[in-house]
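For the single chain, residues carry numbers from 1 onward in sequence order.
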Amino acid sequence: MTNKKLFLRAAKVIPSGVNSPVRAFKSVGGTPVFVKKAAGPYLWDADGKRYLDFCASWGPMIFGHAPKGLVRTLAREAAGGTSFGAATEREVLMAEAVRRFFPSMQKIRMTSSGTEAVMSAVRLARGFTGRDKIVKIDGGYHGHVDSLLVKAGSGGATFGIPDSAGIPKELAKLTLTVPFNDVPALETIFKKQGTSIAAFILEPIPANMGVVLPARGYLEAARRITKKHGSLLIFDEVITGFRVHAGGAQKKFGVTPDLTCLGKIMGGGLPAAAFGGRREVMDCLAPAGPVYQAGTLSGNPLAMAAGLWMMSEMKKTALRASLEKKSARFLNDLQSLINESNYPLRLNVQGSMFTLFFTASPVLDYAGAKTSDTKAYARYFHACLKRGLYLAPSQFEANFISTAHSEAHLKTALGIFRAALSETFGKS
Ligand code: PMP
């Protein structure tokens, strides 16, 4: 069956034909790709077309698709049972392995999605502090948690619905937002309402308004201000964890949060995510403490097996170093292409993740990201797609390079970007 036929059929049984909004290609137009299989740096769709993949399942596939070791592990472990709803050795090994990379996560609970991890961390912060308000960043995305779908990035930014219907106003009122990289705004909000703020949650390097880098000292200021007011600092490292550094953005910048949320890479494409942090905070969770949090599939044996395989690969520092090096070379070349062309573009880069913003202004926060020409992005997206390169189907997302992208793949990608950009700007 073709992409088109599948999409028509899907639309009859699945809202908008997809299980997560941005997959529908609504903001870039056209028929969504229905993926049939993936291997290494490639995806194949239902039409049989092959793509070099830079979306990487929105981040998890840092070692490319279907790495042999992971596939072998899963096949072997599946034979021993796929869910027990009971404690396992693998969960213990996984928590220990994650903590070795993230020492600030003194205790860790597994969940099945990033959304669940964040939702649990927010409830825990409220339960621990006895306060109700949460501060987040304009354009920050933390999954579809009710309290955090306020001025949200990712799909919220893509579809212009940053404040979802279905969330009681009384709840949304408890979520305060500040622009990223704005220390005075953070100081002001804490000065006025600090005694009722449970936590400040942020992606330390926002990736859901596209990639935006923290200004020097911003994360340190976030740490200082939250501490001063007795609020918790929550780093949502669902994207940055294991990506910008094996120990996440907190290791890269040397700023230690009270709680951390992880997902994506830690499960290598299986539904594994986690939240964790200071022992005395985590010990407020049930059954020892009063904050309820649970999950039938939490710590699922296959997700943990995948996670343990990912953790063992993470230890290969040479592999990471080579990813960083080839990413830097590739993205430098892309920057040179932009410089030579004079196109109104801004390339934001952090290691192996990047966003090409279709704007001439520097992008330092959500307001900057929103100056992008999303119509031009849509043209560029399709110009890449038809040449066999798959990007995130929205301007307000990150793209990812994996260890499976060889220098030759990246050279091919650069050629495609060059052609796609001249098509986008009407030069071919
Ligand atoms: N936090 C961040 C920073 C994310 O990027 C995402 C997903 N893109 C989530 C949380 C939610 O994770 P999930 O989609 O696994 O629920």
Side-chain angles (χ1 to χ4, degrees), residues 54 56 58-59 62 135-142 151-154 157 177-186 200-225 233-257 260-261 264-265 320 323-336 338-339 344-372 377 391-392 394-401:
F54 283 87
W58 307 92
I62 194 167
V135 179
K136 75 178 281 289
I137 296 287
D138 291 342
Y141 180 72
H142 306 283
K151 295 204 184 165
S154 191
T177 68
V178 286
F180 188 57
N181 276 337
D182 187 340
V183 176
L186 198 60
F200 175 34
I201 181 166
L202 77 164
E203 307 169 64
I205 304 169
N208 285 290
M209 50 180 104
V211 174
V212 177
L213 303 181
R216 190 188 294 265
Y218 182 71
L219 298 176
E220 290 82 351
R223 178 64 285 182
R224 177 175 43 77
I225 295 166
L233 179 64
I234 307 177
F235 275 0
D236 179 350
E237 297 227 42
V238 166
I239 285 189
T240 53
F242 304 106
R243 167 69 65 178
V244 302
H245 188 288
Q250 54 194 266
K251 178 81 181 174
K252 188 169 185 59
F253 294 111
V255 177
T256 306
T260 298
C261 303
K264 307 229 188 219
I265 288 176
R320 286 198 68 89
L323 174 62
E324 294 285 311
K325 205 160 135 195
K326 66 186 167 191
S327 299
R329 220 168 6 230
F330 168 61
L331 294 166
N332 273 336
D333 288 349
L334 180 56
Q335 185 62 60
S336 305
I338 295 164
N339 297 347
L345 295 171
R346 287 282 165 169
L347 179 63
N348 279 8
V349 170
Q350 177 63 69
S352 58
M353 63 180 199
F354 65 99
T355 300
L356 188 56
F357 288 99
F358 282 69
T359 177
S361 337
V363 179
L364 309 174
D365 57 17
Y366 192 42
K370 294 296 266 181
T371 65
S372 300
Y377 182 83
L391 293 168
S394 163
Q395 170 73 93
F396 306 109
E397 302 286 354
N399 291 283
F400 301 97
I401 302 164

With Asp138 via side chain to side chain donor-acceptor pair (under 3.5 Å) - residues at least two apart: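 Scan of Asp138 (side chain to side chain donor-acceptor pair (under 3.5 Å), adjacent residues dropped) gives Thr177.
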With sequence neighbours left out, write down each residue that passes side chain to side chain donor-acceptor pair (under 3.5 Å) with Glu324, or none if nothing qualifies.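 Partners of Glu324 by the side chain to side chain donor-acceptor pair (under 3.5 Å) criterion come out as none, since no residue qualifies.
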Going by the rule side-chain contact (heavy atoms from CB on, under 4.5 Å), which residues pair with [X] if we only count those two or more places apart in sequence or in a different chain?
X      : result
Ser336 : Glu340
Asp182 : Pro179, Pro184, Ala185
Thr256 : Ser104
Ala398 : Ala207, Val211, Thr355, Phe400

Counting N and O atoms only, with roles assigned by atom type, does the side chain of Asn399 sit under 3.5 Å from a partner on the main chain of Leu391, one being a donor and the other an acceptor?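 Judged by distance alone, no pair lies under 3.5 Å.
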Go through the steps to decide whether Tyr218 and Val183 satisfy the test side chain to side chain contact (heavy atoms under 4.5 Å, CB included), and finish with yes or no. CA-CA 7 Å; Tyr218 182 71; Val183 176; 3.7 Å; yes
ring-ring contact (aromatic ring centres under 6.0 Å, His included) partners of [X], counting only residues at least two apart:
X      : answer
Tyr366 : none
Tyr377 : Phe358, Tyr380
Phe253 : none

What closest approach, in Å, do [X] and [Y] show between heavy atoms, and which atom pair accounts for it?
X      : Y      : result
Ala152 : Tyr141 : CB-CD1, 4.3 Å
Val178 : Leu186 : CG2-CD1, 4.0 Å
Ser372 : Gln395 : CB-OE1, 3.5 Å
Pro214 : Ile205 : CD-CG1, 4.0 Å
Gly140 : Lys136 : O-NZ, 3.0 Å

If I take atom [atom1] from residue [X] and atom [atom2] from residue [Y], how far apart are they, to the nearest 0.5 angstrom?
X      : Y      : atom1 : atom2 : answer
Asp365 : Leu213 : CG    : CG    : 12.0 Å
Met209 : Asn348 : CE    : CG    : 10.5 Å
Leu356 : Ile338 : CG    : CD1   : 5.0 Å
Asn208 : Trp58  : CG    : CH2   : 9.0 Å
Leu233 : Phe200 : CG    : CZ    : 7.0 Å
Phe357 : Thr371 : CZ    : OG1   : 8.5 Å

Residue pairs involving residues 240-255 (criterion salt bridge (charged side-chain N to carboxylate O under 4.0 Å, His left out); sequence neighbours excluded):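 Matches after skipping sequence neighbours: none remain.
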Can you run down the salt bridge (charged side-chain N to carboxylate O under 4.0 Å, His left out) pairs that involve residues 214-223, sequence neighbours left out, and say none if there aren't any?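 Matches after skipping sequence neighbours: Arg223-Asp258.
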Evaluate the side chain to side chain contact (heavy atoms under 4.5 Å, CB included) criterion for residues Arg320 and Ile62: first the C-alpha distance (whole Å), next the side-chain angles of each, then the deciding distance (0.1 Å), finally the verdict. CA-CA 10 Å; Arg320 286 198 68 89; Ile62 194 167; 4.2 Å; yes
Donor-acceptor contacts under 3.5 Å from residues 234-242 side chains, at least two apart:
| from | atom 1 | to | atom 2 | distance (Å) |
| --- | --- | --- | --- | --- |
| Asp236 | OD1 | Val238 | N | 3.0 |
| Asp236 | OD2 | His142 | ND1 | 2.7 |
| Glu237 | OE1 | Thr240 | OG1 | 2.7 |
| Glu237 | OE1 | Ala249 | N | 2.6 |
| Glu237 | OE2 | Ala249 | N | 3.3 |
| Glu237 | OE2 | Gln250 | N | 3.1 |
| Glu237 | OE2 | Gln250 | NE2 | 2.9 |

